[in-house]
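Working notes, beginning with the structure itself.
Order of the sequence lines sets the chain letters (A, B, ...), proteins ahead of strands, with each chain counted from 1.
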Amino acid sequence: MPSISSTENLLADLSDRQREAVTHTDGPLLIVAGPGSGKTRVMAHRVAYLVGDKGVPPWKILAVTFTNKAARELRERCERLVGVGSNKLQVRTFHGFCSRVLRADGEKVALKPEFTIYDADDQARVARRILDDLDVDPKQFPPRSLLSVISDAKNNMRSPAQLSRRTETYRDEITARVYEAYEGALQRANAVDFDDLLLKTFQLLEGHPEMLEKYQERFEHLLVDEFQDTNALQFQVARLLAMKSRNICVVGDPDQSIYSWRHADPTNLTDFQSTFKNAKIVTLDQSYRSTQIILEAADSVISNNDGRMKKTLWTENSRGTRITVAEAYNEAEEASLVLKAATDLKSKDGIGRNEVAIMYRVNAQSRAFEVACNREGIPYRLVGGIKFYDRKEVKDILSFLRVVSNPADDAALERIINVPARGISARSVAELRRVAIANNVPALDVILDITRVNSGDEDPPTYYAELNTRAINSVTAFGDMITRFIEQSLALDTNELIDLIVERSGYGAMLREDKERGEERMENLQELKASAEQFAGSEERGQLTEFLENVALVSDVDGLQGGDSSDVDEEAITLITLHQAKGLEYDAVFLVGLEEGMLPHSRSVDDPTQLQEERRLLYVGMTRARKRLYMFRAFQRSFRGQSGSQMASRFLLEIPDSLVTTRDIRGHDRVADRMPDPMWTKRMASTPGPRPTSKLNDGYTAGEKVRHKAFGEGVVVSSSGVGSDTQVTVAFSGQGIKRLMLSFAPLEKVVEEESKQQFDPDEETFEIQDPELFAP
DNA sequence: GGCTTAGATATTTTT
DNA sequence: TATCTAAGCC
């Protein structure tokens, strides 16, 4: 039986500042916590202190985080420290918490307990239907941009009515009408989107004093993590919950605010101080994570942001190694250089793959690294790639489940009404929808009405849909099927229900006919079943809803394992976006794609505000590293098919030379490459032809054009080794990339300066050829 | 009514 | 490059 740690032990291994933060338990507290300053540790200790020392019952403590990952980590840390009763702690994401509240008391804001949570896909589907109904051209008004305006409105707590009252342009007009129809559609479907989870919780608490009191009583202590990432609604919910007890502790770092595009509002940090007067402020600026050099470099970058709450991190850690800044020719070379350096870390610094992460701005960048890892046989862990629950077949079956769980869920219904094809055309669906909207009922009501009448019920139809006989029969069959699913769901565990649906809906048969991908898809459905099994056994009514909620809210499955080995335990390199990397740390971090247009992202370069966020993104990345930090850029990068030369990221210029080593990873000094004299970079970007670069082995230079007897003309990517051991990697047009032993494969230099711009490696033929191919 | 194909189009980050 | 949509064909 785990015991509650004694206060003495609990506090002993904390710094003075940390202890201050942990023990200030009466009244509002703002913790400004720099990267690696032990933020999570403080939160966990605080919870343990509240329970162990202050005798606060665990269930009276609510800790909200921003991501599931953070929630999981905090929960685990708390459980370890708190011991008994720790399972009663409420550690949730904001959305998770709100969903919980609405399941219990959502009726007050017109939600039935089995409401569905609509993801971006569902939202887009709803929006597209509305545009269709309103006869608006979706090309002129892309659903996604309309939805983003709607999301803005919701975050500012504006109703459709409020929006339509102040329309100035035609665009405003359309937006307001779509918003109104959208709200109607969700209402009819007993569904909420992500914004609604927060908005409706806010409305529930604000408009129902007894509810507010209930939740204020329930939670005596509130902790909010990543406060700089909270949006206006989240702040309001937190404010309402804590208004009475005033026991609210928020933790954040304005320098790590990287979610403004999702309405995160870092001014919440300052607003906190005005909302909760006399809030105590504790700043944690000692880093227990990174070396001095890494901290200095990160600081030299972030200092360029203005209007910050200034804080400079310090550490008792060693000075550490200088940061390596390196340049690759293109993304393929970038990947191999990174992997080479990462592999070397093992022998040189004893840093294994598990402690190495490669971080990039956009997911698409992971590809080059996956290809390279596969080629080199290096196992990797891709964080947040294609999500399991996003696969078509999984979404289809989930849609069946959603209809069973919440028969009003029109988005789910429309997804599967004709999957597999069962003779209900888009026309018929549109007609069903028209009738449903006209009567303000879910589409399934109309379907079941048709089913009833067509099955010989004497009573006249309630709704009148114009469908031909064929369609009526198809719809009837579908209605019968869904009715059976709903009936049987009462007696079945969710995993059993999945089996039933797969077989009886014809979905399984459809997959078995699909020779190409059917098997793989069926396996995915098996996996879905397995994940449903975890929810089996609990009360019949709740388990399906609970499962679906989990899918909607906690969809971050563990990273897919790639590489040669199927051994999941094997040490693997982590591939991760900068956004997802927040909160994580690694011994060695490789930041890649440090180019204008990538980081900062091209969408951000014109806007100073967004540019500062890009800088924070880089800051987050740099401060993930404990011991070693590498920053890479590629001279040329292909982006959606096209390649072009890149300028070095302006952020690289912000790091002082004294913190950087220019040691080339291949063992050649390339002093000139320690970037970016901007003039030089600019010239490089605008000049076709080879850029100035140092000589590689035996005079072969990256970017140089060469000719091979068998493969024809190509471009040198890189070369390694010396003398007769020299290997030259060449990209041949139409032949892919080959690695050639110079002593076997004579290369001729082509004297022509134009070649590099056309360089476009064919990914299909990317692997290294057999040794015999090296011969001429 | 259903399927194939071509063509267009959009591409940041995620609860 | 990859996905999604619309139009054309069976």
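- Taking the side chain of A421(A) as heavy atoms from C-beta on, and the options dC3(B), dT13(B), dG1(B), the nearest nucleotide is dC3(B).
- A sub-4.0 Å separation between OP1 or OP2 of dT13(B) and a side-chain N or O of Q580(A) is absent.
- By the 5.5 angstrom centroid cut-off and the 30-degree plane limit, W261(A) is classified as stacked against the base of dT13(B).
- A straight line from CZ of R125(A) to P of dT5(C) spans 9 Å, rounded to a whole angstrom.
- Proximity of R144(A) to the phosphate of dA10(B): no side-chain N or O atom is located under 4.0 Å from OP1 or OP2.
- Each of dT14(B), dT15(B), dG1(B) was ranked by its minimum atom distance to the side chain of N68(A); first place goes to dT15(B).
- A side-chain donor-acceptor contact under 3.5 Å links E595(A) to the backbone of A634(A).
- If you take CG of D137(A) and C1' of dA6(C), they are 12 Å apart, rounded to a whole angstrom.
- The residue among H579(A) and G423(A) whose nearest nucleotide of DNA chain B is located toward the 5' end is G423(A).
- The residue among S428(A) and F94(A) whose nearest nucleotide of DNA chain B is located toward the 5' end is S428(A).
- One interatomic measurement links the two molecules: CG of N363(A) to P of dT3(C), which rounds to 13 Å at whole-angstrom precision.
- Of the candidate nucleotides dG1(B), dT13(B), dT15(B), dT13(B) has the atom nearest to the side chain of V362(A).
- In this structure, the side chain of E114(A) does not engage the main chain of N406(A) through any donor-acceptor pair within 3.5 Å.
- The separation between L147(A) atom CG and dT15(B) atom C1' is 16 Å, rounded to whole Å.
- With hydrogens and angles disregarded, no donor-acceptor distance shorter than 3.5 Å links the side chain of R615(A) to the backbone of I302(A).
- Each of dG1(B), dT5(C), dC3(B) was ranked by its minimum atom distance to the side chain of R128(A); first place goes to dT5(C).
- Here the C1' atom of nucleotide dT14(B) and the NE2 atom of H95(A) are 9 Å apart, to the nearest Å.
- The backbone N or O of P254(A) sits nowhere less than 3.5 Å from a side-chain atom of S257(A) that would complete a donor-acceptor pair.
- In this structure, Y389(A) atom OH and dT15(B) atom P are separated by 14 Å, rounded to whole Å.
- The closest side-chain donor-acceptor pair between T65(A) and E226(A), if any, does not fall under 3.5 angstrom.
- An OP1 or OP2 oxygen of dA2(C) is reached within less than 4.0 angstrom by a side-chain nitrogen or oxygen of R367(A).
- Rounded to an integer number of Å, the gap from Y259(A) OH to dT14(B) P is 6 Å.
- For the OP1/OP2 pair of dG1(B) and a distance below 4.0 Å, the side-chain nitrogens and oxygens of N418(A) include no atom meeting the criterion.
- Between D196(A) atom CG and dT15(B) atom P there is a gap of 18 Å when expressed in whole angstrom units.
- In this model, the phosphate group of dT14(B) is approached by a side-chain N or O of T577(A) to a distance below 4.0 Å at OP1 or OP2.
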